[in-house]
Amino acid sequence: MENTKDLAFDTFCKLLLHTFISQTEHTSRAERKRRDSFGMFDGYDSCSEDTSSSSSSDESEEEVAPLPSSLPIIKNNGQVYTYPDGKSGMATCEMCGMVGVRDAFYSKTKRFCSVSCSRSYSSNSKKASILARLQVGKPPTKKAKVLQKQPLVAKLAAYAQYQATLQNQAKTKAAVPVEGFSWGNYINSNSFTAAPVTCFKHAPMGTCWGDISEGVRVEVPNTDCSLPTKVFWIAGIVKLAGYNALLRYEGFENDSSLDFWCNVCGSDIHPVGWCATSGKPLVPPRTIQHKYTNWKAFLVKRLTGAKTLPPDFSQKVSESMQYPFKTSMRVEVVDKTHLCRTRVAVVESVIGGRLRLLYEESEDKTDDFWCHMYSPLIHHIGWSRSIGHRFKRSDITKKQDGHFDAPPHLFMKVKEVDAAGEWFKEGMKLEAIDPLNLSAICVATIRKVLADGYLMIGIDGSEAADGSDWFCYHATSPSIFPVGFCEINMIELTPPRGYTKLPFKWFDYLRETDSIAAPVKLFNKEVPNHGFHVGMKLEAVDLMEPRLVCVATVTRIIHRLLRIHFDGWEDEYDQWVDCESPDLYPVGWCQLTGYQLQPPAPQSSRDSQSSSSKQKKKAKSQQYKGHKKMTSLQLKEELLDGEEYSFLQGASDQESNGSASYYIKQEP
């Protein structure tokens, strides 16, 4: 997608339709019918109280120099033409509305800028005729007005429906609202840098953000105005932070007093020219209203050669926020209380691509699980049977009314692997991110090899006797590493629980356990050009409480592995996450999707919450690693033994290529 568009005079042809309004202008309707060569109303050449001071289009402004004698006109085909002065020699294409040099236009009549426009005109003469009349300043007929506005009305209706959907989704969010946090103030006051949207391929506009950058011009509501109606003005992007942009109204130059933050994908941000096509007025801010006497010439000078959003930007935003998963779909998802198995769950809500899943046997609808639709934790119905993964049979004998299985093609596909030759084997040692202690990379062992490259892995020294705390990673997962990875990259490796020969040495440990290391060549070595840098801000899921999305920072980068720190919390809560994890989002994602953002913990609440949080974390750790957990899990397994299966191996579609923190929290 073409992400930005050179303005030059193709912008000015859009400005032909702008209706400029002055707070002090009282020119009669008859006088306002006369337009100049730019199609602007003469009555708006000045915003001063003396409406006659600049009623002539020939009068120049006080602070802005006259138009250059040789002004470039950029034609659609990329050729650059010039004309002698600011008026003569101009022509407007009756099909596309482009303004250019008359001599460079197509045919003797000079009605079209190219052969393609001439041909398009013949097949769409009504639309072209309406556009042509608008461009030369003649009001369209009543019938033509209806024809011209229908597409706009349809777009507005569609966008209103889209906004209503977001509001409804926002009402279903589970997080507790926290007031008073502003990403803009947080970024500005600390001179932070946010990760660009292009780092997040799974997020809205992640693959089509393009050249949106500082300097891009947009049309936004003018809040520095006392008019009773909503009016707009042009602003430029001063700074980008994810989806958020710091904007400055044109005319303020180096004055930042009225700068404001706004979400670029929001409903109030439009490409230059939007006001023209939708009949909205452009009015300069009251603070600088009297700064220039000729705003038309000022805009010409400022916008020549500038860039704006693509005309279909809002449509692209809307399309990128359409999610294939729907409520009432059935999926298989990891059992958060028994990591070794999956259960059937039903999609209860979808917000920004994140799914709230209710386990099928949940009677009070409180037994839920949050994850992204691209998470490696969810699979299509039948996945467990196909690869030989453990599965908890539901007490529900048949699907409830309205529930239906999610189609397999909606789930991320795993990379194909060749297990025919040298491959992972049971008992091989490796290093893996602990799914219940995401800040740690631990000594681990392959406990079972499933079909299609899936592996069941256990953390050495912390495993239950029945394997109920094994977890599943795909062989291509970025969350498992060859022996020696931590040492080479200067990461602290967590040794087996109770191991006393410290510092830990892999060579000694392999000899003592009479085991071998998994071959290095079997691990995923792909490192994408992800674009993250240390210190970048983002919004990240707290995978120990996966319903929460928090303000976070990238603190370390090891190849494709990111260390994510939650602002306001101790380092022990950090998480190792893959750079392509669907649990990472750009700054402004929560605002865009209607999800609740959790701000940094203030010092007062951090001190009070830290004690209880540490106790909770300690309880989790004991439940996961200690003897007490082993006993409780064995007891649960004995009670539920009749509900579990170990299926034969088969085919699978699911890829495990995402966050290092796959299995979220263990209930205390």
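For this chain, numbers begin at 1 and follow the sequence in order.
- For the pair Val417 and Asp452, the minimum side-chain heavy-atom distance is 4.5 Å or more.
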Checklist line | Verdict with reasoning, Tyr473 to Phe471, per ring pair (Phe, Tyr, Trp, His ring centres under 6.0 Å) | finding: CA-CA 7 Å; Tyr473 281 143; Phe471 47 93; 5.2 Å; yes

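- Pro528 approaches Arg560 most closely through the heavy-atom pair CD-NH1, 3.5 Å.
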- Message: His389 vs Cys472, test: side chain to side chain contact (heavy atoms under 4.5 Å, CB included). Steps then yes/no.
- Response: CA-CA 9 Å; His389 194 283; Cys472 184; 3.7 Å; yes

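- Without hydrogens or angle criteria, Ser581 side chain to Val577 main chain gives no donor-acceptor distance under 3.5 Å.
- Between Cys550 atom SG and Asp542 atom CG the span is 5.0 Å, to the nearest 0.5 Å.
- Put simply, the side chain of Asp466 gets close to the backbone of Ser468: a donor and an acceptor are under 3.5 Å apart.
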Chi angles and distances behind the side chain to side chain contact (heavy atoms under 4.5 Å, CB included) call for Ile441, Ile491: CA-CA 8 Å; Ile441 299 178; Ile491 300 174; 4.2 Å; yes

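- Taking each heavy atom of Val587 and Ala194 in turn, the nearest pair found is CG2-CB, 3.7 Å.
- Applying the 6.0 Å contact sphere to CG of Asn190 captures more than 12 heavy atoms from other residues, nucleotides or ligands.
- Ring centers of Phe181 and Tyr186: under 6.0 Å apart, within the cut-off.
- Below 30°, between 30° and 60°, or above 60°: for Tyr585 and His372 the angle between ring planes is between 30° and 60°, a tilted geometry.
- Using cut-offs of 30° and 60° for the angle between ring planes, the His380 and Phe411 rings count as perpendicular.
- Residues Thr476 and Asn524 have side chains that never bring a donor and an acceptor to within less than 3.5 angstrom of each other.
- For the atom pair CG of Leu538 and CG of Asp567, the computed distance is 9.0 Å after rounding to the nearest 0.5 Å.
- Between the OG atom in Ser439 and the CZ atom in Arg563 there is a gap of 5.0 Å [rounded to 0.5 Å].
- A cation-pi contact links Lys537 to Phe192, judged by a cut-off of 6.0 Å to the six-membered ring centre and 45° from its axis.
- The residues Asp508 and Lys501 are annotated as not salt-bridged, no charged nitrogen and carboxylate oxygen being separated by less than 4.0 angstrom.
- Environment of NZ in Lys201: crowded, with over 12 heavy atoms of neighbouring residues, nucleotides or ligands closer than 6.0 Å.
- A cation-pi arrangement is found for Arg343 relative to Tyr359, the charged atom lying closer than 6.0 Å to the ring centre and inside a 45° cone about the ring normal.
- Side-chain contact, Tyr243 with Glu539: no donor N or O sits under 3.5 Å from an acceptor N or O.
- For the pair Lys326 (side chain) and Tyr323 (backbone), a donor-acceptor distance under 3.5 Å is present.
- Glu348 is not listed as a side-chain neighbour of Phe369, based on a closest heavy-atom distance of 4.5 Å or more.
- With sequence neighbours excluded, the residues that form a side-chain contact (heavy atoms from CB on, under 4.5 Å) with Val534 are Ile557.
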Under 3.5 Å, sequence neighbours excluded: what are the donor-acceptor pairs made by side chains of residues 419-433?
| unit_1 | atom_1 | unit_2 | atom_2 | d |
| --- | --- | --- | --- | --- |
| Glu422 | OE1 | Lys521 | NZ | 2.7 |
| Lys429 | NZ | Thr445 | OG1 | 2.7 |
| Lys429 | NZ | Asp460 | OD2 | 2.8 |
| Glu431 | OE1 | Cys486 | N | 3.0 |
| Glu431 | OE2 | Gly484 | N | 2.9 |
| Glu431 | OE2 | Trp506 | NE1 | 2.7 |

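- Atom NZ of Lys365 is surrounded by 12 or fewer heavy atoms from other residues, nucleotides or ligands within 6.0 Å.
- A salt bridge does not link Asp335 with Lys392: none of the charged nitrogens is closer than 4.0 Å to a carboxylate oxygen.
- Of the possible polar contacts, one joining the Lys525 side chain to the Val520 backbone as a donor-acceptor pair under 3.5 Å is found.
- Note: His559 and Phe485 have tilted aromatic rings, judged against thresholds of 30 and 60 degrees for the angle between ring planes.
- Although no hydrogens or angles enter the test, the distance criterion places no donor-acceptor pair under 3.5 Å between the side chain of Asp367 and the main chain of Leu358.
- Between Trp576 and Leu438 the shortest side-chain heavy-atom distance does not fall below 4.5 Å.
- Side-chain contact between Pro495 and Leu502 is present, with at least one heavy-atom pair separated by less than 4.5 Å.
- The two residues Cys442 and Leu493 make their nearest non-hydrogen contact at C-CD1, 3.8 Å.
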Given Val344 and Phe391, is the side chain to side chain contact (heavy atoms under 4.5 Å, CB included) satisfied, shown in steps?
-> CA-CA 9 Å; Val344 173; Phe391 177 76; 3.5 Å; yes

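- Nearest heavy-atom pair across Trp209 and Cys265 is CZ3-SG, 3.8 Å.
- A 6.0 Å sphere centred on CG of Asn529 holds no more than 12 heavy atoms belonging to other residues, nucleotides or ligands.
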Test Ile558 against Arg556 for side chain to side chain contact (heavy atoms under 4.5 Å, CB included), laying out the working first. CA-CA 7 Å; Ile558 307 296; Arg556 282 197 73 184; 3.2 Å; yes

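- Atoms CG and CH2, from Asn244 and Trp183 in turn, are 9.0 Å apart once rounded to the nearest 0.5 Å.
- Leu450 CG to His474 NE2: the interatomic distance, rounded to the nearest 0.5 Å, is 10.0 Å.
- Considering all non-hydrogen atoms of both residues, Val483 and Ala517 come closest at CG2-CB, 3.5 Å.
- Remark: side-chain polar atoms of His530 are paired, donor with acceptor, to backbone N or O of Phe532 under 3.5 angstrom.
- The aromatic rings of Trp589 and Tyr595 lie tilted to each other, with the angle between the two planes from 30° to 60°.
- Taking both residues in full, the closest heavy atoms of Ile564 and Ala552 are given as CG2-CB, 3.7 Å, listed atom of the first, atom of the second, then distance.
- Listed for the Asp469 side chain is a donor-acceptor partner under 3.5 Å among the backbone atoms of Ala464.
- Proximity of Leu584 to Val541: side-chain heavy atoms (C-beta onward) are nowhere separated by under 4.5 Å.
- The closest donor-acceptor contact from the side chain of Thr553 to the backbone of Thr555 lies at 3.5 Å or more, if one exists at all.
- The main-chain N or O of Asp211 is found under 3.5 Å from a side-chain atom of Ser213 such that the two form a donor-acceptor pair.
- Under the 4.5 Å side-chain criterion, counting only non-hydrogen atoms from C-beta, His202 is not in contact with Asp583.
- At most 12 non-hydrogen atoms from other residues, nucleotides or ligands lie less than 6.0 angstrom from CD of Glu492.
- Between the side chain of Glu332 and the backbone N or O of Gly382, at least one donor-acceptor pair lies under 3.5 Å.
- Considering only heavy atoms from C-beta on, Gln596 stays 4.5 Å or farther from Leu548 through its side chain.
- The CZ atom of Arg354 sits 6.5 Å away from atom CH2 of Trp370, with the distance rounded to the nearest 0.5 Å.
- In this structure, Ile378 and Leu357 have side chains that are in contact, with non-hydrogen atoms separated by less than 4.5 Å.
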